[in-house]
Amino acid sequence: RNYVIIALDDSVGDYCRDHGAPYVRVDLEVPGAQKGSRGANMISALKYDMLADVMLMGYSVLIVDLDVVFLKDPFQHLLRDADLEGSSDG
């Protein structure tokens, strides 16, 4: 397998364990500016610090939400000519 899921809560970690998916359970501190905001905003803020940490270790990273399904290899569609590529829902 060429991937690992970073589980930010117990329910995702439990699901990965129960289905044999490779995962790491990580507890991250929500930034002060995001505390008290809706859950999606708090999680989004955590993604960027985690992204920076993993990239500094030399890994390539693809961050997606759990409601995304890939029918083909997404890496075939990335140019890889930049340090960061992005997309949006809209």
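Position 1 is the first residue of the sequence, and the numbers go up from there. Here the structure is a predicted model, which means the values were calculated and not measured.
Every residue two or more places apart in sequence or in another chain that forms a salt bridge (charged side-chain N to carboxylate O under 4.0 Å, His left out) with D14 is listed here: R17. Residues meeting the side-chain contact (heavy atoms from CB on, under 4.5 Å) test with D67, sequence neighbours left out: D65. Every residue meeting the salt bridge (charged side-chain N to carboxylate O under 4.0 Å, His left out) condition with D10, not counting sequence neighbours, appears here in chain and number order: R25.
Residues Y15 and V4 are members of separate hydrophobic clusters, defined by side-chain heavy-atom contacts under 4.5 angstrom among Ile, Leu, Val, Met, Phe, Trp and Tyr. I6 and L56 fall into different hydrophobic clusters, defined by Ile, Leu, Val, Met, Phe, Trp and Tyr side-chain heavy atoms under 4.5 Å apart, directly or through other members. In the hydrophobic clustering of ILVMFWY residues, with side-chain heavy atoms under 4.5 Å counting as a link, L78 and V68 come out together.
Shortest non-hydrogen contact noted between A7 and Y23 is CB-CD1, 4.2 Å.
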